[in-house]
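Nothing fancy with the numbering, it's 1 onward along the sequence. In what follows, every heavy atom counts, from backbone to side chain, and hydrogens, waters and symmetry copies are set aside.
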Amino acid sequence: MSGTAFHIPVLVEEVVRLAEGRRRIVDCTVGGGGHAARLDRSDIELLAIDRDPDAIAAARARISQSPTQWLNASFGSPESLAAIAAFGPDFTLFDLGVSGHQLDSTERGFSFRPGAPLDMRMSVRSDVTAAELLNSLDERELERVFREYGDERKAPRLAAAVVRRRANSLFATSDHLVNAIRETLGPRSGPGDFARLFQAIRIALNEEIRQLELALPSVLEALEDGGIIAVISYHSGEDRVVKRMFRDWARDCVCPPQTPICTCRGRKLGSARPRKPIRPSADEVAENPRSRSAKLRVFRKADEAKG
């Protein structure tokens, strides 16, 4: 395993194989450096990005051979996208979601452990916490978050429960959200429900889907011809964004069906290969249960020199 106390990365061997022969690598979510450490060679240049300063510090301690640029920012920020464009990568990796360190650090507030603060900020530079989000969003927006990011059928009832409960006592700890979930879903609700709905709040708070939608097109443009984008996702909403973009980029024409004459780019931008996502092996899932939902999708940018 390439992991540390900070984080155990998933699909490491698959990422290493994809990066063979690449020389300018961007790790958009360097985390504790698990993937980057396996790619760390004196003959590559690395741009390592993460919005969590703890992640940058952990990765710095592991990366020693590659000439490396470090950037403490979210990968969809103007600062990161400008740095990626200037870097001109031939391989770019996204490992989405949260790290083991973030989940296991009670004070970071990502877990539903009793008494944990409702924080969930991936960057401590952000002012808004999960508690503030739960205490401020209107009922309709809360419903949207629980439905779209948590796949919750009872999203309207859960949103109403949050609004009613916060009128009496503002949300501050994990217990407040857990109790709202239990009230809505009933006594049979458990860790799976809590994890799914806490994740929904985390995704909304950190604008994770929006960051991905901003970053992918810019990264494709910055990528050298023949370069690769590799994305590991753990959430169905993230995977849908990646799948949709990769599919559209691989089409010759993206005009609406009723358009009589093609007015779009008129050529595909590359190919998604393999077409289906790469999943962790049974051995990897047994060793690291958190890898079980991971999906790795790969897009290879067209090489214009080869026509």
Looking at side-chain heavy atoms only, is the closest gap between [X] and [Y] below 4.5 Å?
X      : Y      : answer
Thr92  : Phe87  : no
Phe94  : Val219 : yes
Lys154 : Leu185 : yes
Val231 : Phe246 : yes
Leu93  : His35  : yes
Asp27  : Leu39  : no
Leu216 : Leu212 : yes

Approximate separation, where rounding is to 0.5 Å, of [X] [atom1] and [Y] [atom2]:
X      : Y      : atom1 : atom2 : answer
Arg38  : Glu13  : CZ    : CD    : 4.0 Å
Arg279 : Leu296 : CZ    : CG    : 10.5 Å
Asp95  : Asp50  : CG    : CG    : 10.0 Å
Ile25  : Ser66  : CD1   : OG    : 7.5 Å
Arg24  : Ile84  : CZ    : CD1   : 12.0 Å
Glu20  : Arg22  : CD    : CZ    : 10.0 Å

### Query
Is there a donor-acceptor contact under 3.5 Å linking the side chains of Thr173 and Asp175?
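There is such a pair between these side chains.
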
### Message
Can you see whether Thr129 engages Glu132 through a side-chain donor-acceptor pair at a distance of less than 3.5 angstrom?
### Response
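A pair is found: one side chain offers a donor N or O, the other an acceptor, under 3.5 Å apart.
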
Kindly say whether [Y] contributes a backbone atom to a donor-acceptor pair with the side chain of [X] at under 3.5 angstrom?
X      : Y      : value
Arg60  : Trp70  : no
Asp40  : Gln65  : yes
Lys301 : Glu224 : no
Arg165 : His176 : no
Arg273 : Arg300 : no
Asn206 : Met122 : yes
Arg51  : Thr29  : no
Arg244 : Val241 : no

Let me check something: do [X] and [Y] share a hydrophobic cluster, defined by ILVMFWY side-chain heavy atoms less than 4.5 Å apart, either directly or through other members?
X      : Y      : value
Ile278 : Val16  : yes
Leu214 : Leu223 : no
Val285 : Leu11  : no
Val128 : Val162 : yes

Can you give me the closest heavy-atom contact between [X] and [Y], atom names plus distance?
X      : Y      : answer
Thr68  : Ile63  : OG1-CG2, 3.6 Å
Pro89  : Val26  : CB-CG2, 3.6 Å
Ala59  : Gly31  : CB-O, 3.9 Å
Glu284 : Pro9   : OE2-O, 4.1 Å
Trp249 : Ile229 : CZ3-CD1, 4.0 Å
Leu133 : Ile201 : CD2-O, 4.1 Å

Tell me, yes or no, whether the heavy-atom count around [X] atom [atom1], taken from other residues, nucleotides or ligands under 6.0 Å, exceeds 12.
X      : atom1 : value
Asp127 : CG    : no
Arg210 : CZ    : no
Arg275 : CZ    : no

### Query
Taking only residues two or more places apart in sequence or in another chain, which ones pass salt bridge (charged side-chain N to carboxylate O under 4.0 Å, His left out) with Asp43?
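Listed in chain order: Arg23, Arg41.
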
### Task
Name all pairs fulfilling the salt bridge (Lys or Arg N to Asp or Glu O under 4.0 Å) condition that reach into residues 230-241, sequence neighbours left out, sorted by first residue then second.
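Those involving residues 230-241 are Asp239-Lys295, Asp239-Arg297.
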
### Task
List the steps and the verdict of side-chain contact (heavy atoms from CB on, under 4.5 Å) for Ile203 and Val145.
CA-CA 9 Å; Ile203 288 171; Val145 168; over 6 Å; no

#### Entry: Pairs where residues 140-161 contributes a residue and the test ring-ring contact (aromatic ring centres under 6.0 Å, His included) is met, not counting sequence neighbours
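Not a single pair qualifies under ring-ring contact (aromatic ring centres under 6.0 Å, His included).
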
### Query
Sequence neighbours excluded, which residues qualify as side-chain hydrogen bond (donor to acceptor under 3.5 Å, both in side chains) partners of Glu148?
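Partners of Glu148 by the side-chain hydrogen bond (donor to acceptor under 3.5 Å, both in side chains) criterion, ordered by chain and then number, come out as Arg144.
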
Show me the donor-acceptor pairs within less than 3.5 Å that the side chains of residues 187-195 make with the rest of the protein, sequence neighbours left out.
unit_1, atom_1, unit_2, atom_2, d
Ser189, OG, Gly186, O, 2.7
Asp193, OD1, Arg196, NH2, 2.8
Asp193, OD2, Gly190, N, 3.1

### Query
Using 30° and 60° as the class limits, which term best fits the ring planes of Phe112 and Phe198: parallel, tilted or perpendicular?
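The arrangement is perpendicular - the two ring planes meet at more than 60°.
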
### Message
Suppose the criterion is side chain to side chain donor-acceptor pair (under 3.5 Å): which pairs have a residue in residues 71-84, not counting sequence neighbours?
### Response
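Residue pairs with at least one partner in residues 71-84: Ser74-Gln211, Ser77-Ser80.
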
